[in-house]
Amino acid sequence: MAILYIYPKIGDPTTFPLGAGRVTIGRASTNDIVLSDQFSSGCHAVIVPTGRGYTLIDQGSKNGTFRNGRRVSGEIDLARGDEVLVGSTRFYFDKDYQPAVETVEGTTFTHSSNTIIQVKDILKKPPASGLIVKTPGGGLDLEKFQQDQKIISVMGAVSQALIYHMPLDKLLEHIMDVLIQHLPMDRGVLMIKNEDSQALEPRVVRVLNGALRAQSIFVSQTIVRTALERNSAILISDIQADEGLREQMSVVQAQIHSAMCVPLWNNQTIIGLLYCDRASLLEQFSEDDLRLLTLLANLAAVKIENARLFEESREKEKLEHEIALAVQIQKNFLPREDPSFAPYEISGTAQACRRVGGDYYDYIAIDKDRLAVLVADVSGVGVSASLLMASLRGALHEKFPGTVDLGDLAAGLNDFVYSSSDSHLFISFFLAIIDRTTDEVTYVNAGHNPPLLKGRQGPVRRLGSTGVCLGMFPDQVFAEETVVLRPGDILCLYTDGIVESRQGESEEYGDGRLADRLRELADLPAQAIRDRIFEDVFAFSGCSEAGDDMTVVVVKRNP
């Protein structure tokens with residue numbers, strides 16, 4: 001004799017022996033099993049003995065009869081252990097309920113009627129389009145066939161609805177609208193992972209049940225963690241029957257009785273989550289609903305990722321355009337040609353490592369016999385360094401040709417940079433005034449790499465600092481120094497990108513190697529010396545482009 005184990009929503013569980021007679025189930029007192037259940041109909045369902053065992057038949061109930069989460073249509077045979085839901089009352093056929101327990105990071109929920117399926121397993125089994133689906137007895141499984149056709153139809157409609165590109169925020173709203181259209185729910189939430197923190201952020205919330213709109217949505221963290229950690233689609237057929245979930249505040253407040261949670265998986269990574277639940281809609285979500293939601297979530301995730309990539313591409317194009325414009329502006333700030341200042345040959349050039357750099361060099365005529373030559377290096381690289389360099393150029397050109405006291409000039413520039421830039425930005429700066437009537441070079445060095453002075457005889461001399469970098473501290477004093485250039489002497493100004501260029505992870509190029517090159521190249525014109533220095537640096541580092549901003553200015557006094 002088979003036994004029916006009965007678990008009402010309220011009250012103690014009971015049993016009912018099934019014999020050779022028909023058993024009626026419902027709220028009316030005339031039934032064999034009388035339910036005190038507002039969600040059941042007067043005569044809700046019957047269980048009928050057959051030659052094969054027992055058959056379950058729904059009696060046209062308002063809220064439907066469910067076997068193992070699927071709504072019963074017509075007659076369906078019962079197998080040992082089957083779960084039958086009538087209203088909110090749960091029955092187990094010929095086998096008592098033994099709840100499985102799932103623990104996720106200290107949180108527990110039972111899932112006798114719950115379903116946890118790997119997303120990959122669902123995606124591996126698409127609807128059998130065009131195939132005849134048969135029952136174990138060989139007949140046509142019409143319900144299964146119709147459900148597969150529905151899924152195919154919905155997927156086609158959703159694919160068509162998402163075919164056109166739209167901004168990401170609008171796309172997320174559209175995805176939820178399409179989802180609600182094909183999968184009725186009381187509430188739905190679309191969450192996307194923050195790319196930096198990886199935290200889930202609700203991006204679209206829909207509350208279709210007016211009675212729930214005043215409530216905050218607290219999605220069960222147990223369900224969320226399980227979905228994310230296992231990359232699994234989760235169906236809670238009856239939350240109120242799950243001891244681990246029904247006590248959660250979000251469930252109690254909203255009176256949720258069925259929920260689904262599916263990762264937004266783009267076939268590579270989980271980028272978010274879709275959650276939906278039902279409270280006023282009494283029909284519970286089924287495994288077919290879960291399957292449909294998973295397929296839609298996968299399609300949506302791929303579309304979202306494509307939209308992200310498209311927007312990133314557009315942003316990259318916009319940035320490239322802005323950088324190209326900045327590059328052109330910066331080029332306009334640098335000298336267009338080398339100066340004519342006989343008997344001196346002067347030649348310089350700069351190469352930016354990120355197309356827009358913080359290196360700066362310039363020539364400023366004071367009068368017909370005096371020429372200012374300078375090189376500077378803004379800390380950092382990129383657009384911010386370039387903007388500070390442009391500000392320095394503007395402030396410097398305001399001072400000439402009137403100011404010739406280089407100590408006062410450097411002090412004024414220092415205070416300007418200190419007050420007009422962030423604390424982490426400063427400028428190393430070397431400025432020299434060449435007087436061709438006396439061949440004297442008066443200079444100030446604000447924390448810059450010491451320029452190298454190569455004479456016809458003796459060691460290479462380094463013109464060291466006469467003050468700190470511009471912008472580090474206010475109210476600084478800068479000393480002025482003077483050297484004399486004799487026929488054949490070479491003065492080489494450079495930035496740290498030259499001497500700090502590395503050979504892999506090993507030694508730097510260094511100013512000693514630069515001094516050696518100056519001695520070897522001393523007989524060449526200034527421009528050739530400049531070009532050969534760059535060639536040597538690139539050959540040393542094994543790179544074809546600058547790893548840091550690089551600037552070289554060569555001043556050579558001819559006989």
Side-chain angles (χ1 to χ4, degrees), residues 63-64 66 68-71 73 85 113-117 119 121-123 125-127 129 143-163 171-192 202-213 217 219-220 223-224 227 232-239 251 254-266 270-304:
N63 296 322
F66 296 83
N68 298 332
R70 178 172 292 185
R71 187 164 187 159
S73 177
L85 186 66
S113 61
N114 303 339
T115 303
I116 302 177
I117 307 175
V119 170
D121 292 338
I122 294 177
L123 299 180
K125 299 176 181 178
S129 175
E143 181 182 359
K144 178 63 175 173
F145 179 77
Q146 290 175 337
Q147 181 62 30
D148 282 349
Q149 293 305 305
K150 175 186 174 183
I151 291 177
I152 293 169
S153 175
V154 170
M155 293 297 292
V158 171
S159 298
Q160 186 68 28
L162 300 180
I163 194 170
L171 173 64
L172 298 180
E173 296 277 352
H174 188 54
I175 286 171
M176 186 59 82
D177 290 340
V178 172
L179 189 64
I180 291 171
Q181 179 183 352
H182 297 286
L183 194 59
M185 63 187 70
D186 281 319
R187 305 188 309 173
V189 183
L190 190 158
M191 292 175 275
I192 297 293
R203 297 291 293 273
V204 185
V205 178
R206 291 282 190 273
V207 181
L208 288 83
N209 182 346
L212 302 178
R213 286 176 184 163
I217 298 180
V219 180
S220 167
I223 298 174
V224 168
S232 294
I234 298 176
L235 164 64
I236 311 297
S237 297
D238 188 352
I239 288 182
V251 172
Q255 297 182 334
I256 301 166
H257 68 81
S258 184
M260 294 189 294
C261 188
V262 172
L264 286 167
W265 188 61
N266 62 11
I270 296 174
I271 64 170
L273 209 66
L274 273 172
Y275 170 87
C276 57
D277 58 38
R278 286 176 177 173
S280 63
L281 298 170
L282 296 180
E283 183 175 334
Q284 296 162 331
F285 290 121
S286 66
E287 286 192 27
D288 285 329
D289 293 329
L290 183 67
R291 183 183 176 200
L292 176 59
L293 182 63
T294 304
L295 293 171
L296 293 177
N298 177 246
L299 181 63
V302 173
K303 183 65 178 178
I304 291 169

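In what follows, every heavy atom counts, from backbone to side chain, and hydrogens, waters and symmetry copies are set aside. Numbering of residues begins at 1 and proceeds along the displayed sequence.
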| query | Can you tell me if N298 uses its side chain to pair, donor with acceptor, with the backbone of W265 under 3.5 Å? | reply | yes
| task | Determine yes or no for a side-chain-to-main-chain donor-acceptor pair under 3.5 angstrom, with S258 supplying the side chain and F285 the backbone. | result | yes
Using every non-hydrogen atom in the two residues, find where [X] and [Y] come nearest and quote the distance to one decimal.
X	Y	result
P202	V189	CB-CG1, 4.2 Å
L292	H182	CD2-O, 4.2 Å
A297	P263	CB-O, 3.7 Å
V262	A233	CG2-CB, 3.9 Å
C276	L293	SG-CD2, 4.0 Å
N63	R71	C-NH2, 3.9 Å

Just so I know, are the side chains of [X] and [Y] near enough to count as touching, which here means a heavy-atom distance under 4.5 Å?
X	Y	result
L179	R206	no
L208	D186	no
V205	M176	no
I192	I304	yes
R278	D289	yes
I117	R291	no

| task | Kindly compute the distance separating CD1 (I175) from NZ (K303), expressed to the nearest 0.5 Å. | result | 8.5 Å
| said: For the OG atom of S286 and the CG atom of N68, what is their distance to the nearest 0.5 Å? | reply: 12.0 Å
| query | In chain order, what residues pass the side chain to side chain contact (heavy atoms under 4.5 Å, CB included) check against Q181, with sequence neighbours excluded? | reply | none
| field | By side chain to side chain contact (heavy atoms under 4.5 Å, CB included) - contacts of A301 (at least two apart) | value | L264, N266, I271
